[in-house]
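The block underneath contains the structure these notes are about, expressed in structure tokens.
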Amino acid sequence: MPAVLVRTLPDELVHDLDRDLSTPLYAQLAQRIESAITTGTLERGYRLESEIVLGRRIGLSYSTVHSAVDVLVKKGLLMRSRGIGTLVIA
């Protein structure tokens, strides 16, 4: 199995989410991660940092980050694998 690189999401993608918008924070985060995937910032095969680590880094709860990742898993952009983490598959 080839090595999987852990990729920290770029700060500009995850900071400054607008808490005053009617759009929930998880949806804003999901949209930004999806954009990073579709533009090639996050390439197929990259492993994202853990949801707990990402949440702590950007000041969101684990459940908010988990909900954002769920959206992208359902869209077929990410895949969760126990013991490996969350991988970009699109």
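Among T64, L72, L60, the single residue meeting the side-chain contact (heavy atoms from CB on, under 4.5 Å) criterion with L29 is L60.
Checked by atom type and distance alone, the side chain of S50 pairs as donor or acceptor with a backbone atom of V53 at under 3.5 Å. Judged purely by atom type and a 3.5 angstrom limit, S67 uses its side chain to pair as donor or acceptor with the backbone of S63. Put simply, the side chain of R44 gets close to the backbone of I89: a donor and an acceptor are under 3.5 Å apart. Judged by distance alone, the side chain of R19 and the main-chain N or O of L25 form no donor-acceptor pair under 3.5 Å.
Here the NE2 atom belonging to H66 is positioned 10.5 Å from the CD1 atom belonging to I52, to the nearest 0.5 angstrom.
Nearest heavy-atom pair, A90 versus G76, reported as atom, atom and distance to 0.1 Å: CB-O, 4.0 Å. In terms of heavy atoms, G55 sits closest to V65 at CA-CG2, 3.7 Å.
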**Prompt:** After noting the C-alpha distance and the side-chain angles of L21 and Q28, does the key distance pass the side chain to side chain contact (heavy atoms under 4.5 Å, CB included) rule?
**Reply:** CA-CA 9 Å; L21 284 179; Q28 292 180 51; 4.0 Å; yes
**Item:** T23/D18 under side chain to side chain contact (heavy atoms under 4.5 Å, CB included): CA gap, chis, key distance, verdict
**Value:** CA-CA 9 Å; T23 305; D18 193 341; over 6 Å; no
**Message:** side chain to side chain contact (heavy atoms under 4.5 Å, CB included) for Y26 and V71? Distances and angles first, verdict last.
**Reply:** CA-CA 9 Å; Y26 82 88; V71 168; 3.8 Å; yes
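Pairs engaging residues 20-29 under the salt bridge (charged side-chain N to carboxylate O under 4.0 Å, His left out) rule: none recorded [sequence neighbours left out].
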Show me the donor-acceptor pairs, under 3.5 Å and distance only, between side chains in residues 31-38 and residues at least two apart or in other chains.
{"from": "R32", "atom 1": "NH1", "to": "L13", "atom 2": "O", "distance (Å)": "3.2"}
{"from": "R32", "atom 1": "NH1", "to": "H15", "atom 2": "O", "distance (Å)": "2.7"}
{"from": "R32", "atom 1": "NH2", "to": "D16", "atom 2": "O", "distance (Å)": "3.3"}
{"from": "E34", "atom 1": "OE1", "to": "K75", "atom 2": "NZ", "distance (Å)": "2.8"}
{"from": "T38", "atom 1": "OG1", "to": "E34", "atom 2": "O", "distance (Å)": "3.2"}
{"from": "T38", "atom 1": "OG1", "to": "S35", "atom 2": "O", "distance (Å)": "3.2"}

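Residues forming a side chain to side chain contact (heavy atoms under 4.5 Å, CB included) with T86 (at least two apart in sequence, or on another chain): L48, E51, V69, L78, R80.
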